[in-house]
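Notes to accompany the following structure.
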Number of protein chains: 2
Amino acid sequence: MKELTKQQSKVLACVEVYLNKTGFPPTRAEICKELGFKSPNAAEMHLRALEKKGYIAIQSGSSRGISIVKSQQTFEQSPDQMPVIGLVAAGSPTLAEENIEKRIPCDPNMFADSFDYFLKVKGLSMIEAGIHEDDLVAIKKTTDVKNGDLVVVRLEDEVTLKYFKKTNHNLELIPANKDFSTIEVDLREQEAFVEGKSVGLVRTH
Amino acid sequence: MKELTKQQSKVLACVEVYLNKTGFPPTRAEICKELGFKSPNAAEMHLRALEKKGYIAIQSGSSRGISIVKSQQTFEQSPDQMPVIGLVAAGSPTLAEENIEKRIPCDPNMFADSFDYFLKVKGLSMIEAGIHEDDLVAIKKTTDVKNGDLVVVRLEDEVTLKYFKKTNHNLELIPANKDFSTIEVDLREQEAFVEGKSVGLVRTH
DNA sequence: ATTTATACTGTATATTTTTACAGTATATAA
DNA sequence: TTATATACTGTAAAAATATACAGTATAAAT
């Protein structure tokens with residue numbers, strides 16, 4: 001495959017970006033606008049060169065008739081990158097960019113239910129449920145939780161992962177460790193926000 | 001998402017097929033030609049309906065300004081499907097088609113080390129390591145294992161998941177449960193095949 | 001010194017394309 | 001019976017677009 005000049009490379013990138021953004025290829029004029037050219041012929045010439053070098057195909061007579069033959073974006077079909085969030089003590093909104101520790105290539109549909117992010121477990125309060133420190137619990141953002149679900153709840157400035165049990169105004173957040181005690185919340189006195197529930201667990205050995 | 005009429009569905013399919021074939025969306029006239037309509041307005045009306053129902057977006061004023069919002073082709077962008085293998089007692093080659101219980105959409109690189117298949121855990125011999133019955137342990141096929149690794153070993157006709165410890169001719173396969181005892185193998189008397197080692201664990205809640 | 005390739009501007013036009021408007025026909029629901 | 005939704009035909013005009021042609025400028029190659 002022949003090498004591209006700097007400008008040709010820019011034009012190809014422009015086409016690819018436009019395609020990714022809109023779902024259809026740009027016109028000559030749009031390429032010009034994007035790259036600062038003042039004549040549609042500038043874009044035309046670059047497109048012809050790109051066609052000759054085998055990077056694109058041009059359907060003559062068709063508007064926007066450009067198709068990518070050989071992408072220059074190494075663009076490895078990027079798999080989903082699911083965010084990992086630390087169990088932050090400060091009650092900041094759980095899924096904020098600054099709370100994302102890292103990302104893991106992982107299909108959000110690998111469990112029976114889809115999930116939105118991983119929560120990194122701190123402490124041993126769920127050890128008897130086989131949930132260890134630093135395990136990643138897959139959390140689906142929802143407020144639709146049932147008694148017995150493993151849920152992420154925010155109480156004031158603390159976020160916690162526990163079993164959920166609600167009766168009338170009384171909310172119990174139950175750990176799986178004899179050394180820890182159940183958190184009891186009277187919902188008339190204190191607010192509790194259900195951030196989501198666990199749909200699975202992942203541990204790296 | 002609203003249901004599509006038969007004709008609307010045909011038009012959406014036509015757009016998707018055209019897009020896959022050429023790399024850019026069709027014009028109204030091209031849709032007509034493909035589906036046998038005689039007026040570009042036929043296509044236009046269907047496209048408007050598809051837009052209203054949220055299946056496509058139309059960039060007004062742009063030629064071929066159609067983008068797919070919700071594909072009707074179930075076409076699930078096929079992610080990697082990692083096989084799940086039961087802990088088969090019969091010592092058949094672990095990764096044979098007939099041993100695959102199911103497959104899970106899952107990136108083989110989600111753990112620190114890549115893996116080849118999931119092993120579905122039977123029994124409670126590793127419970128104190130937080131590995132429960134029916135947990136899926138991600139196995140990398142390798143014979144390069146170190147003492148302390150969690151490994152899959154085949155002894156005669158039995159496959160087992162245990163901690164690995166080897167000293168000279170003596171192989172110990174150590175469980176994580178007080179009620180189970182370590183399997184000791186004298187390698188001069190009995191063969192042991194290391195199938196692989198665990199690089200991670202997955203559990204569905 | 002002259003060619004050659006790259007990289008454009010500027011203009012113009014034929015063609016493509018969107019899109020509005022005016023109808024027709026049919027089935028289903030009120 | 002009268003709407004109302006679906007499903008078109010047919011026409012036409014405005015707008016978008018491709019694309020040809022005539023230039024200018026610059027750097028590198030011959």
Side-chain angles (χ1 to χ4, degrees), chain A residues 1-19 21-70 72, chain B residues 1-19 21-70 72:
Chain A
M1 186 77 52
K2 275 179 183 163
E3 284 297 305
L4 296 183
T5 68
K6 250 182 185 174
Q7 289 303 83
Q8 285 161 9
S9 183
K10 266 191 192 174
V11 171
L12 179 52
C14 173
V15 172
E16 295 192 57
V17 166
Y18 191 102
L19 209 43
K21 211 168 55 184
T22 68
F24 46 89
T27 64
R28 277 54 165 175
E30 284 162 349
I31 294 171
C32 289
K33 198 179 165 194
E34 200 65 36
L35 299 181
F37 303 154
K38 287 178 184 167
S39 167
N41 197 41
E44 180 73 25
M45 288 315 191
H46 289 309
L47 290 176
R48 293 281 172 82
L50 285 168
E51 188 185 32
K52 205 168 281 175
K53 292 185 180 178
Y55 283 79
I56 65 174
I58 297 175
Q59 181 66 248
S60 162
S62 292
S63 66
R64 303 175 186 272
I66 304 167
S67 53
I68 303 293
V69 172
K70 177 174 173 53
Q72 66 176 351
Chain B
M1 185 76 53
K2 275 179 184 162
E3 285 297 306
L4 295 182
T5 67
K6 251 184 183 173
Q7 290 301 85
Q8 285 162 9
S9 183
K10 267 191 193 175
V11 171
L12 180 52
C14 173
V15 172
E16 294 192 57
V17 166
Y18 191 103
L19 209 42
K21 211 168 55 185
T22 67
F24 47 88
T27 64
R28 276 53 164 175
E30 284 161 349
I31 294 171
C32 289
K33 198 179 164 193
E34 200 65 37
L35 299 181
F37 304 154
K38 287 177 184 169
S39 167
N41 197 41
E44 179 74 25
M45 288 315 191
H46 287 310
L47 291 175
R48 293 281 173 82
L50 285 168
E51 188 185 32
K52 206 168 281 176
K53 292 184 179 177
Y55 283 79
I56 66 174
I58 298 176
Q59 181 67 248
S60 162
S62 292
S63 66
R64 303 176 188 272
I66 304 168
S67 54
I68 303 294
V69 172
K70 177 173 173 54
Q72 67 176 350

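Please read all numbers here as calculations on a predicted model, not as lab measurements. A note on names: the letters A, B, ... follow the listed sequences, proteins ahead of strands, and every chain is numbered from 1.
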Can you see which heavy atom on A:Leu19 is nearest to which on B:Gly23, and at what distance?
CD1-O, 4.2 Å
Check the surroundings of atom CD in A:Glu34: do more than 12 heavy atoms from other residues, nucleotides or ligands lie under 6.0 Å from it?
no
Take A:Arg64 and A:Glu30, measure what side-chain contact (heavy atoms from CB on, under 4.5 Å) needs, and give me the verdict at the end.
CA-CA 10 Å; A:Arg64 303 175 186 272; A:Glu30 284 162 349; 2.9 Å; yes
The residue, A:Glu30 or A:Met45, whose nearest nucleotide of DNA chain D is more 5′ is A:Glu30
Would you call the rings of A:Phe37 and A:His46 parallel, tilted or perpendicular if under 30° counts as parallel and over 60° as perpendicular?
tilted
Short side-chain N/O contact to C:dT6 OP1/OP2 from A:Thr5, under 4.0 Å
no
Could you tell me whether B:Glu44 contacts a base, only the sugar-phosphate backbone, or nothing, with contacts defined as non-hydrogen atoms closer than 4.0 Å?
base
Looking only at heavy atoms, the pair that brings A:Ile66 and B:Phe24 closest together is O-CD2, 3.6 Å
Please state how far atom CZ in B:Arg64 lies from atom P in C:dT18, giving the value in whole angstrom units.
7 Å
Determine yes or no for a side-chain-to-main-chain donor-acceptor pair under 3.5 angstrom, with B:Glu51 supplying the side chain and B:Ala57 the backbone.
no
C:dT6 C1' sits how many Å from A:Asn41 CG, rounded?
13 Å
Chain A vs DNA chain D, heavy-atom contacts under 4.0 Å, first-to-last nucleotide span, 5' to 3', is D:dT17 to D:dA22
If I take atom CD in residue A:Gln8 and atom P in nucleotide C:dA5, what distance separates them, rounded to the nearest angstrom?
13 Å
Taking the nucleotide of DNA chain D with the nearest heavy atom to each, does B:Lys38 or A:Ser39 sit closer to the 5' end?
B:Lys38
Measure CZ/B:Phe24 against C1'/C:dT17 and give the value in whole Å, please.
14 Å
